[in-house]
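Counting starts at 1 for both ligands and their atoms, following the listed order. Note that the structure is predicted; figures quoted are calculated from it, not measured. Throughout, residue positions are numbered sequentially from 1 according to the sequence presented.
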Amino acid sequence: MTYITVALNGLIAVGAYFMALRIIPRFKDMFIKANLFGKDLCKRDKKEIPESLGVLVGCVFLVAMFLFIPVPFTLEEAAAMDVETGGKPATFPHEEFVELIVALLSICCMILLGFADDVLDLRWRHKLLLPTIATLPLLMVYYVNYNSTTIIMPKFVRGLFGYSLDIGVLYYIYMGMLAVFCTNAINILAGINGLEVGQSLIVAASILIFNAIELCLGHQVDGHKFSVYLMLPFLAVSLALWKYNKYPSQVFVGDTFCYFAGMTFAVVGILGHFSKTLILFFLPQIINFLYSIPQLFKFVPCPRHRLPKYDPQTDLLHISTTEFRKDELNILGKLMVTVLKTFKLITWQEMPDGRVITNNFTLINFVLVVFGPVHERVVTQMLMGVQVLCSIVAFVIRYPLASYVYDT
Ligand code: UD1
Ligand code: MG
């Protein structure tokens, strides 16, 4: 029965792909009329491009999922029909049902909040708070269905902590933070055509490969099935969006898509019980976040946009910069820039008047620090290459290496 359910889910995903492909161009003008557009900063003509199309593919995703809901709960349960209960399934899987519903509720909330961010340009504190609130229903279901807050210890620390450790409420805080991380991490690795969707496509494909492997091995079948049900339609609508968002972008995805994608990943990681593996698929985003810390937490000035600087003469992207006087940084700020400078992770130009000019601390700029001015299309390809490479590393850590640390 599982195969038929997955096949039907795939069929609905294909339908969602063609639906998204058809409606995105039709809505472009409507978004511009509603003042939902952004200037493509890395182009000569700085054209106005419709923005927040993530809301459209998010809706197509939700419609696809709503159509899918009856499938696993009629097909698979048909086998368990009990005539005495009047044709109702004898053992209706309420737990699985509520998981799917609440997953869609959290994703739906995040699409709404992302759209609010695009329209109202929310402050950073809201961006951190909103995903946390959107995960609460999810955590509640986790609490009711599992409430397992025990973590298995790696072999080398078992002498100290024992085989496993119950971290209680800390586990819920960790899961809440996972949603905040996934949503914002995609949003700050952005600014060049196709990158938000490109990275999400690779993460989604990696999750699907992981689910397929685990399903074949017969591990945690319910969790991985649940993940496939959400990931296939997500991959489908993102592919359609990618077609219009890749270089040269005809549409921008907006924060709506970043939040929608991040929340969908967090939901499958939490309710599919593979949040640690999920984090492994976010390696480039983790690196970008760690590298960004000095600017995100204002130890070093952070301009509104950190995307690379466009040179209209050569049509290439150069690093974008920030400047400061070393004596205006606090002690932590000084320490951070000194470490980054020592390891040659940032450019460093001291002006005669004491000002220092460095690149903005993003992975996109770092690629440009290493490879010099590069065309926008190529920078996106390079970063997607990094994402694929990191997924391969993630699989190596998850399978061959994990067996040294855990009993897999
Ligand atoms: C985040 C980043 C910001 C980056 C921006 C780009 C942090 C803390 N914030 O801010 O540095 O500049 O994303 O998305 O790291 N744009 C393009 N080409 C693209 C995509 C976007 O020019 O391919 C520009 C457009 O003008 C678009 C704008 O970026 O309107 C969208 O920025 P927005 O999503 O509002 O920025 P943030 O998410 O706040
Ligand atoms: Mg954004």
When you check the side-chain N and O atoms of Y310 and H318, is any donor under 3.5 Å from an acceptor?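 Y310 vs H318: no donor-acceptor pair found between side chains.
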
Which of the atoms in ligand 1, numbered in the order shown and given with their element, are less than 4.0 Å from a heavy-atom of [X]?
| X | value |
| --- | --- |
| D40 | 18 (N), 22 (O) |
| G38 | 30 (O) |
| L296 | 8 (C) |
| W124 | 8 (C) |
| I192 | 19 (C), 23 (O) |
| K127 | 39 (O) |

Option nearest [atom] (shortest heavy-atom distance, choices [options]):
| atom | options | value |
| --- | --- | --- |
| atom 10 (O) of ligand 1 | R304, H305, R306 | R304 |
| atom 23 (O) of ligand 1 | N245, V197, N193 | N193 |
| atom 20 (C) of ligand 1 | G254, G191, P248 | G191 |

Are any non-hydrogen side-chain atoms of L189 and T362 less than 4.5 angstrom apart? no

Less than 4.5 Å apart, any side-chain heavy atom of L53 and any of F252? no

I'd like to know if K43 and E376 make a salt bridge, using a cut-off of under 4.0 Å between side-chain N and carboxylate O.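 Salt bridge between K43 and E376, a charged N being under 4.0 Å from a carboxylate O: yes.
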
Test side-chain hydrogen bond (donor to acceptor under 3.5 Å, both in side chains) on Y174 and S275; report intermediate values, then the result. CA-CA 10 Å; Y174 153 73; S275 59; 2.8 Å; yes

For the backbone of [Y] and the side chain of [X], can you confirm whether one donor and one acceptor N or O come within less than 3.5 Å of each other?
| X | Y | result |
| --- | --- | --- |
| R306 | I364 | no |
| N288 | L363 | yes |
| S292 | F361 | yes |
| D311 | L316 | no |
| Q349 | T358 | no |

What is the closest protein heavy atom to [atom], and at what distance does it sit?
| atom | value |
| --- | --- |
| atom 25 (C) of ligand 1 | K39 O, 3.1 Å |
| atom 13 (O) of ligand 1 | N187 O, 3.5 Å |
| atom 30 (O) of ligand 1 | E51 OE1, 2.7 Å |
| atom 34 (O) of ligand 1 | D255 OD1, 2.8 Å |
| atom 9 (N) of ligand 1 | I188 CG2, 4.2 Å |

Which of the N/O/S atoms in D255 sits closest to the Mg ion (ligand 2)? OD1

Below 4.0 Å, non-hydrogen atoms only: which portion of F252 touches ligand 1? Side chain, backbone, both or neither.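 It is the side chain that gets close, since no backbone atom is under 4.0 Å.
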
Are any N, O or S atoms from E196 nearer to the Mg ion (ligand 2) than 2.8 Å? no

Once the angle between the rings of F297 and F289 is folded into 0 to 90°, is it parallel (under 30°), tilted (30 to 60°) or perpendicular (over 60°)? perpendicular

Ligand 1 to L41 polar contact by distance, N or O atoms, under 3.5 Å: yes

